[in-house]
Structures are given as structure tokens and as C-alpha cells.
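Here the structure is laid out as C-alpha cells; the discussion comes afterwards.
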Amino acid sequence: MSSSHDRRPAGRYYIETWGCQMNVLDSDKMSGALEHHGYVRTDDAAEADVVLLNTCSIREKAQEKVFSELGRLKALKDRRPGMVLGVCGCVAQQEGERIFSRAPYVDVVVGTRATSSLPILVNRLRAGDDSARHVADVEIRNDSIHFPYDRIRRDGEGRGRAYVTVVEGCNHRCTFCIVPTTRGREVCRDLDDVVGEVRHLAARGVHEVEFLGQTVNAYRDAAGRNLGDLLRAAADVEGIGRIRFTTSHPAQMTESLMDAMRDARPKLCPYLHLPVQSGSSAVLRAMRRGYDRSGYLSRIEALRRRIPEMTFGTDVIVGFPTETDADFEQTLELVREVEYDTLYSFAYSARPGTAALEFGDAVPADVKMERLQRLQAEQQGIQERRMARWVGSVVEVLVDGPDAKRPGVWSGRTPEARVVNFRGESAPGRLERVVVERASPFALYGVPSLPSPA
């Protein structure tokens with residue numbers, strides 16, 4: 001086994017990532033694990049000794065994209081048979097041995113939480129140990145959530161922000177969702193360990209932290225401390241200027257958590273992603289979401305009472321098997337009432353192992369697409385109006401980096417998670433004050449307002 005202290009690198013690795021913020025952070029952990037064993041990263045799969053696909057299975061198209069990419073990589077594997085090709089993440093957890101049936105040239109399949117095992121398996125394979133060429137460590141483990149935070153290879157640090165996992169897995173049993181199968185039941189980190197990571201990041205110049213979990217507001221450590229306690233503790237960390245958390249479940253958006261969110265202002269960013277999935281109480285019951293339409297709206301109202309400037313994002317599934325035309329109209333009405341700043345919308349697709357399979361797929365594909373288009377058109381009009389209100393104002397932007405296609409243009413986000421593009425001189429991780437000159441439904445555009453605070 002190689003160590004990070006070897007003079008000669010153990011090899012090069014390449015990771016391609018699909019999916020949510022959790023997957024991005026998982027890839028950062030896998031990178032850190034490999035680099036601790038002497039590997040160095042490359043951005044070119046063709047020159048890598050280890051190629052890993054960190055996968056998402058939340059929707060059918062995301063899953064099929066993985067097998068399409070594996071087909072493309074077959075030619076590379078044929079030319080370089082000594083290269084280790086692995087599938088990690090949610091598709092690995094879901095499909096297991098079946099991946100070898102569809103792509104027999106894959107070397108190893110690793111589950112969602114087996115971060116620490118990865119370099120050991122890779123080294124065994126590269127040493128010619130054929131017994132390592134199998135589905136390895138796909139049982140749900142706790143390696144990932146307890147991975148040493150000082151070993152994580154974070155690309156986001158240079159941009160002044162970082163993801164921090166606080167809970168993995170989900171104890172809900174929504175009928176459409178595969179996450180409990182691919183991520184397991186909830187396991188939480190100790191609050192003191194999380195705060196230690198936040199301090200570690202602040203010392204490295206990170207300005208914004210985002211707490212992650214499949215159901216982040218279910219967080220509760222062994223001592224009974226919850227997400228509200230964590231928000232208050234993180235707000236006391238010197239150097240941290242922005243705090244976010246995602247993704248929340250409406251059923252666990254409690255009064256005490258909302259009080260803590262108010263108490264954590266102004267460091268807590270005034271943006272919350274709160275997936276509703278449907279505006280129909282009947283569909284929500286069929287989805288087994290644990291709240292109804294009025295319960296969801298009461299939480300939105302309660303948050304706006306405490307934090308009037310709070311903005312919201314959501315997820316919506318159209319074409320769920322029990323959804324009628326009337327149900328869909330209720331979703332449109334809810335979207336108009338709440339006026340979300342962002343909305344991620346999807347046509348329902350059946351996922352293996354979910355309870356919704358018993359409903360069949362009763363909504364025709366053309367009806368799903370028509371509903372999806374109507375919803376997206378409605379939301380675009382809402383976003384046009386809500387983005388236009390920023391024109392003429394000065395906003396604080398945490399800079400992500402330069403625009404890849406437009407020289408001299410920088411991009412970043414406001415505390416409300418609005419994307420802002422501006423011309424001028426800047427650098428990743430800087431805070432800029434930008435005068436907004438115009439808006440589109442998806443971004444703001446402006447010029448720096450001097451002096452910059454950072």
C-alpha cells in the first residue's frame with residue numbers, strides 16, 4: 001500500500017460525478033482517500049490509472065447516462081486493460097452485480113458509504129488480485145460520514161464555500177423515492193465534530209458553508225442536539241459569513257427549527273429549498289409525504305413571519321400515477337401562491353424497489369410532458385417578475401469564478417442564491433458588491449460597486 005508520503009505517485013485517478021451536492025462531496029472524499037494513498041488527480045480519463053464514475057439513480061435518465069458513459073469508456077479499457085474502472089455511488093448501490101452483466105469490463109462496484117475501502121480495493125486490483133474484481137462494500141456503512149474532514153479534497157474551498165455532511169440516509173418512505181435503498185437509514189455526526197469542521201474551514205478562508213443531508217432537518221446527534229442547535233453554534237464561528245442547509249423535509253420543519261433559523265440570521269442565508277412535490281393533498285397522501293397542502297403552506301407562512309426576506313425553492317413531480325387534471329391544477333395554484341425563486345420539475349418515472357410501482361404508470365407520457373411544460377412556463381413567468389425586482393439594487397456576491405465562455409465576466413451567488421454575472425476584475429472566493437443592471441429569469445447581470453468589502 002502506498003502512502004501520501006511516497007516520493008513517487010501511486011498513480012493517477014479520474015472521477016466523473018453525477019447528481020446532487022451529496023455526490024459532489026462524496027467525490028471530494030474519494031479524492032481525499034486516494035490522495036492519502038499517494039494518487040494524484042488528472043482531468044483526462046485517457047491518462048488515468050483509475051477511472052471512477054460516481055453515480056446518481058434518482059431518475060431513470062440519470063441511471064442510463066451511467067451505462068452510456070461506461071460504453072464510451074470500453075474503448076479506453078480495451079486499449080489499457082490495466083486501468084481500473086469502477087462504478088461508485090447510488091447506481092452501484094442499486095444495481096450491484098447487475099452492472100457486470102451490462103458492462104463486464106467494469107472492475108469493481110463500490111457502495112455509497114465505503115469511502116475508506118476504495119483505495120484498498122484499487123491497490124489490490126492494480127496488484128493483480130483478481131479476487132478484488134467484484135461487487136465490494138455495497139452494504140450500507142458509515143465510512144463516508146465519519147471520513148476525516150481534513151483529508152477531504154475540496155475544490156470549492158478556493159471559491160470561498162464548502163459542503164459539510166451532517167446526516168446521511170433517510171428514514172422516510174416516500175413511495176416514489178429510491179434514496180432509502182441507495183443511501184440507507186439516517187446516521188448523524190456528532191455536533192462538536194461538525195462545528196470542528198466548520199472552524200477548520202473558516203481557518204482555510206471559507207466564507208460559506210452548506211450543511212448537507214438527504215433530510216437535513218432530521219439531524220439529531222447522540223446527545224439529542226438538532227439542526228437548530230447546529231445552526232446557532234455555526235453562526236458563532238468567527239470567519240463564517242454565510243450558512244445554508246439542504247435538503248429539508250417539510251414534515252420536519254418544526255417551530256423550534258424556524259426559531260433557530262431566525263436566531264442564526266444574518267449569517268443564515270435567506271433561501272430555503274423545501275420540496276413540495278405536489279400541490280394536491282390527495283397526491284401527497286399517495287406519495288406518503290407526511291403533510292398535506294395546508295400544512296406545507298402554513299410552514300411557508302411561519303417562516304416568512306420570522307424571516308420576511310426568506311426566499312424559497314422547491315421540487316415538483318408531475319404525472320405521479322394517481323395525479324388527475326384537478327390535482328395538477330392544484331399544483332399550479334400552489335406555485336402561484338408561494339412564488340418560488342427556483343423550481344426543479346420532473347416527470348414521474350418509476351424507480352425499482354419503490355412502493356409507487358404498485359400504482360402502475362397511469363398518466364400517459366404525452367400528458368406528463370404537457371403538464372411539465374405548463375408548470376415550467378408558469379414558473380418562468382414568476383421568476384421573470386421576481387428577478388426583475390433586483391434591478392437597480394446593490395447585491396453581495398460570493399464569486400465562484402470566471403465565465404468559461406465570456407472573457408472578463410465573473411459569476412457568483414447572492415445570499416438568496418441568485419446567480420449574478422458581472423464584468424470587471426475579481427477572483428474566486430471574493431465578496432463583491434454588484435449593481436444589478438438587468439435580469440433574466442435565471443440570472444442577474446451588473447457591474448461592481450466600489451469599494452468591494454473583500
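Atoms considered below: every heavy atom in the structure, side chains included; atoms not considered: hydrogens, waters and symmetry mates. Fair warning: this is a prediction, and the values are worked out from it, not measured in the lab.
Using a distance-only test at 3.5 Å, with no hydrogens or angles considered, a donor-acceptor pair links the side chain of D107 to the main chain of L85. Between the side chain of N217 and the main chain of Q252, a donor-acceptor pair closer than 3.5 Å is present. Of the possible polar contacts, one joining the R389 side chain to the R386 backbone as a donor-acceptor pair under 3.5 Å is found. With hydrogens and angles disregarded, no donor-acceptor distance shorter than 3.5 Å links the side chain of R204 to the backbone of H200. A donor-acceptor pair under 3.5 Å is formed between the side chain of N54 and the backbone N or O of N23. Distance alone, capped at 3.5 Å, places no donor-acceptor pair between the T247 side chain and the T215 backbone. In this structure a side-chain-to-backbone donor-acceptor pair under 3.5 Å is present from K77 to M83. Under the 3.5 Å distance criterion, the side-chain polar atoms of D28 are left unmatched by any main-chain donor or acceptor of R154. Using a distance-only test at 3.5 Å, with no hydrogens or angles considered, a donor-acceptor pair links the side chain of R126 to the main chain of A10.
Considering only heavy atoms from C-beta on, F176 stays 4.5 Å or farther from T354 through its side chain. Inter-residue side-chain proximity for D221 and D193 is flagged as unmet; no heavy-atom pair is nearer than 4.5 Å. The shortest side-chain heavy-atom distance between T342 and F442 does not fall under the 4.5 Å cut-off. Two residues are said to be in side-chain contact when any heavy atoms from C-beta on lie closer than 4.5 Å; M258 and M310 fail this criterion. A heavy-atom distance below 4.5 Å is not found between the side chains of W410 and E425. Between L231 and L257, the closest side-chain pair of non-hydrogen atoms falls below 4.5 Å. Looking at heavy atoms from C-beta onward, E437 lies out of side-chain contact with Y445 at the 4.5 angstrom threshold. Residues E337 and E333 form no side-chain contact, since every pair of their non-hydrogen atoms from C-beta on lies 4.5 Å or further apart.
The CG atom of L230 lies 8.0 Å from the CD1 atom of I243; values are rounded to the nearest 0.5 Å. Of the inter-residue distances, the one linking R299 atom CZ with M253 atom CE reads 9.0 Å to the nearest 0.5 angstrom. With rounding to the nearest 0.5 Å, the separation of NE2 in H273 from CG in L343 is 8.5 Å. Atom OG1 of residue T55 and atom CG of residue L70 lie 9.0 Å apart, to the nearest 0.5 angstrom. For the atom pair OG1 of T314 and CG of L334, the computed distance is 8.0 Å after rounding to the nearest 0.5 Å. Atom CG of L34 and atom CZ of R151 lie 12.0 Å apart (nearest 0.5 Å).
Contact record, E47 with R80: C-NH1, 3.5 Å, taken as the closest heavy-atom pair. When all heavy atoms of Y219 and R225 are compared, the closest pair comes out as CE2-O, 3.7 Å. Nearest approach of I178 to R351, heavy atoms of both residues: CB-CB, 4.3 Å. Heavy-atom minimum distance, P415 versus C269: O-CB, 3.2 Å. Closest approach of V216 and F245 over heavy atoms only: CG1-CD1, 3.6 Å. Among all heavy-atom pairs drawn from L398 and G429, the shortest one is CD1-O, 3.6 Å.
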(request) Take H172 and C177 through the side-chain contact (heavy atoms from CB on, under 4.5 Å) test and state the conclusion after the steps. (result) CA-CA 9 Å; H172 290 275; C177 187; over 6 Å; no
(request) List the steps and the verdict of salt bridge (Lys or Arg N to Asp or Glu O under 4.0 Å) for E416 and R418. (result) CA-CA 6 Å; E416 299 80 12; R418 301 297 86 222; over 6 Å; no
(request) Begin from the C-alpha positions of L53 and L73 and carry the test side-chain contact (heavy atoms from CB on, under 4.5 Å) through to its verdict. (result) CA-CA 10 Å; L53 303 185; L73 288 169; 4.0 Å; yes
(request) Show the numbers, then the answer: is there a side-chain contact (heavy atoms from CB on, under 4.5 Å) between R262 and D259? (result) CA-CA 5 Å; R262 178 195 58 209; D259 288 343; 3.6 Å; yes
(request) Under the salt bridge (Lys or Arg N to Asp or Glu O under 4.0 Å) rule, what do R413 and E208 come out as? Steps first, then yes or no, please. (result) CA-CA 11 Å; R413 289 183 181 269; E208 175 183 303; over 6 Å; no
(request) Verify side-chain contact (heavy atoms from CB on, under 4.5 Å) between W18 and V66, making sure each step is shown before the conclusion. (result) CA-CA 9 Å; W18 290 278; V66 174; 4.1 Å; yes
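Look at E69 and K65 and you find no salt bridge, because none of the NZ, NE, NH1 or NH2 atoms lies under 4.0 Å from a carboxylate O. Under the 4.0 Å criterion applied to side-chain N and carboxylate O atoms, E378 and R336 are assigned as salt-bridge partners.
Among R220, Q214, R189, E186, the single residue meeting the side-chain contact (heavy atoms from CB on, under 4.5 Å) criterion with V167 is E186.
Aromatic ring orientation, Y291 versus H249: perpendicular (interplanar angle above 60°, classes split at 30° and 60°).
Atom CZ of R12 has 12 or fewer heavy atoms from other residues, nucleotides or ligands within 6.0 Å. The local environment of NZ in K267 is crowded, with over 12 non-hydrogen atoms from other residues, nucleotides or ligands closer than 6.0 Å.
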